[in-house]
Protein chains: 2
Amino acid sequence: MRRDVFQAIADPTRRAIIMLLAVGAMTPNAIADHFDSSRQAVSKHLRILTECEIIKQERQGREIHYHLNADKMKDVERWLEQFKALMDKRFDQLDTVLEQLKSKGK
Amino acid sequence: MRRDVFQAIADPTRRAIIMLLAVGAMTPNAIADHFDSSRQAVSKHLRILTECEIIKQERQGREIHYHLNADKMKDVERWLEQFKALMDKRFDQLDTVLEQLKSKGK
DNA sequence: TATATTTGCAACTGATTGGTTTCGTATTTT
DNA sequence: AAAATACGAAACCAATCAGTTGCAAATATA
């Protein structure tokens with residue numbers, strides 16, 4: 001089983017849950033109220049998100065509050081940065097080629 | 001079937017393919033050479049990536065060159081920005097609370 | 001103590017995934 | 001024209017996913 005942030009954000013419901021928890025911690029029932037899905041369906045997403053270590057439980061009496069571990073999202077950010085760096089590099093090379101063509105034209 | 005960028009980058013092989021194509025267009029065989037997976041396995045990933053519109057085919061004789069549609073990646077970027085904006089907002093609120101506590105302490 | 005609420009967990013279902021092997025087609029090479 | 005190459009598509013398989021229903025455990029309330 002792959003359990004990383006990319007797996008976590010692959011599902012639209014899970015992305016929405018992440019957005020909800022970005023605002024503040026919530027109980028499973030409160031989260032499920034925001035969706036058409038059943039409580040158990042949401043609960044499964046919460047389990048996956050927990051396994052991805054993107055959210056954490058915190059028991060308070062009989063309620064469990066889920067709160068975000070925003071740091072994990074940085075994995076996505078880092079990957080995106082790497083990707084953009086590669087793209088920039090490619091354009092730099094393209095610039096060099098164009099530059100060479102220009103000087104050859106002289 | 002969900003076919004969006006988030007689905008595309010959920011798989012580590014597909015992320016690697018994206019990185020490869022960020023450097024420059026490639027044929028399926030050239031791509032497959034970079035992985036332990038078979039050509040057909042890679043081919044399937046290419047189909048999914050194509051359906052997600054993150055890569056595009058370009059036939060040249062009997063070869064097909066896959067090249068990146070880097071714009072699609074902006075969907076991820078936008079979502080990340082939204083997420084970060086929400087988090088910042090939360091911290092702003094936290095700051096306000098702390099500020100209030102401080103003035104009450106006076 | 002009996003009951004209601006909040007929740008996780010197990011069993012089951014249908015759809016999708018990632019992979020394989022096999023085949024057909026188009027293009028290049030000989 | 002024949003052989004080799006590059007590739008997609010189809011059929012199949014095991015594993016995983018998202019969802020369901022039903023149930024048990026813990027905590028709160030009457």
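Just so we're on the same page: letters track the sequence lines, and every chain starts at 1. This one's a predicted model, so the numbers in the text were calculated from it and none came from an experiment.
- Of the possible polar contacts, none joining the Arg15(B) side chain to the Trp79(A) backbone as a donor-acceptor pair under 3.5 Å is found.
- Dashed line: the shortest gap from a side-chain N or O of Ser43(B) to OP1 or OP2 of dG8(D) is under 4.0 Å.
- Asp75(B) meets the side chain to side chain contact (heavy atoms under 4.5 Å, CB included) test with Val5(B), Lys72(B), Arg78(B); sequence neighbours excluded.
- The distance between atom CD1 of Ile64(B) and atom C1' of dT28(C), rounded to the nearest whole Å, is 15 Å.
- Taking atom CD of residue Gln7(A) and atom C1' of nucleotide dT17(C), one finds them 10 Å apart after rounding to whole Å.
- Note: the hydrophobic cluster containing Ile48(B) does not contain Ile18(B) (ILVMFWY, side chain heavy atoms under 4.5 Å, direct or indirect links).
- The side chain to side chain contact (heavy atoms under 4.5 Å, CB included) search around Lys44(B) returns none, not counting sequence neighbours.
- Screening residues 13-53 of chain B for ring pair (Phe, Tyr, Trp, His ring centres under 6.0 Å) gives no qualifying pairs among residues at least two apart or on separate chains.
- Between Arg3(A) atom CZ and dA15(D) atom P there is a gap of 16 Å when expressed in whole angstrom units.
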For nucleotides 23-26 of chain C, tabulate all protein N/O to nucleotide N/O atom pairs closer than 3.5 Å, reporting atom names and distance.
none

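- Going from atom NE2 of His45(B) over to atom C1' of dC7(D) covers 17 Å, rounded to whole Å.
- Distances shorter than 4.0 Å separate none of the side-chain N or O atoms of Tyr66(A) from OP1 or OP2 on dT6(C).
- Residue Ile31(B) contributes atom CD1, which lies 14 Å from atom P of dA6(D) at whole-angstrom precision.
- In this entry the distance linking NE2 of His65(A) with C1' of dT7(C) reads 12 Å, nearest Å.
- Atom CD in Glu51(B) sits about 12 Å away from atom C1' in dT16(C), given to the nearest Å.
- Nearest nucleotide to the Gln57(B) side chain, out of dG8(D), dT20(C), dG19(D): dG8(D).
- Atom CG of Asp4(A) is separated from atom CD of Glu53(A) by 11.0 Å, given to the nearest 0.5 angstrom.
- Distance CD/Gln40(A) to CG/Leu46(A): 11.5 Å, rounded to 0.5 Å.
- Within a heavy-atom distance below 4.0 Å of DNA chain D, the residues of residues 13-30 of chain B found are Thr27(B), Pro28(B), Asn29(B).
- A donor-acceptor contact shorter than 3.5 Å is absent between the side chain of Arg39(A) and the backbone of Ala32(A).
- Among the nucleotides dG18(C), dT20(C), dA18(D), the one closest to any side-chain atom of Ile48(A) is dA18(D).
- Residue Gln60(B) contributes atom CD, which lies 13 Å from atom P of dT27(C) at whole-angstrom precision.
- Sorted pairs that involve residues 55-76 of chain A and meet ring pair (Phe, Tyr, Trp, His ring centres under 6.0 Å), not counting sequence neighbours, are lacking altogether.
- Of the candidates dC7(D), dG19(D), dG8(D), dC7(D) carries the atom nearest the Glu63(B) side chain, counting heavy atoms from C-beta on.
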